[in-house]
Amino acid sequence: QEAYCYLVSRIGQPITEPQLIDLKLRLEDPAALAALRPRVEDVARSQLAGVTILWRELLEGPQQVW
C-alpha cells in the first residue's frame with residue numbers, strides 16, 4: 001500500500017554509500033513481508049545504484065520536487 005525510504009548519509013562519503021537505509025512498508029498482509037523481503041532488498045540496491053543520476057537531475061532541473 002505504501003513505501004517510505006529514508007537515507008542517512010555522511011558528509012564526505014559517496015551518496016551511494018549511505019550510513020543507514022531505513023525502509024518502511026505498509027502492506028495489507030504484514031505476514032507477506034518475509035516473502036517480499038528479497039525483492040525489496042533488490043529494488044533498494046538497484047535504486048541506490050542510480051541515486052547519483054537522480055541527484056544530478058535534481059540539481060539540473062529535469063526532475064520536479066514537490
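In this chain, numbering begins with 1 at the start of the sequence shown.
- In terms of hydrophobic clustering, with Ile, Leu, Val, Met, Phe, Trp and Tyr side chains grouped at heavy-atom distances under 4.5 Å, Val40 and Ile21 are assigned to a common cluster.
- Of the inter-residue distances, the one linking Leu7 atom CG with Thr16 atom OG1 reads 10.5 Å to the nearest 0.5 angstrom.
- Other residues, nucleotides and ligands contribute more than 12 heavy atoms inside 6.0 Å of the CG atom of Leu20.
- A distance of 11.0 Å separates CG in Leu36 from CD in Glu41, rounded to the nearest 0.5 Å.
- With rounding to the nearest 0.5 Å, the separation of CG in Leu33 from CG in Leu25 is 6.0 Å.
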Apply the test side chain to side chain contact (heavy atoms under 4.5 Å, CB included) to residues Val51 and Gln47: give CA-CA distance (whole Å), side-chain angles for both, the deciding distance (0.1 Å), then the verdict. CA-CA 6 Å; Val51 78; Gln47 292 300 309; over 6 Å; no
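- Using a 4.5 Å heavy-atom cutoff, the side chains of Val8 and Pro18 are not in contact.
- Remark: Gln1 CD is packed, more than 12 non-hydrogen atoms of other residues, nucleotides or ligands lying under 6.0 Å away.
- Rounding to the nearest 0.5 Å gives a distance of 12.0 Å between CG of Leu58 and CD1 of Ile53.
- The CD atom of Glu17 lies 10.0 Å from the CZ atom of Arg10; values are rounded to the nearest 0.5 Å.
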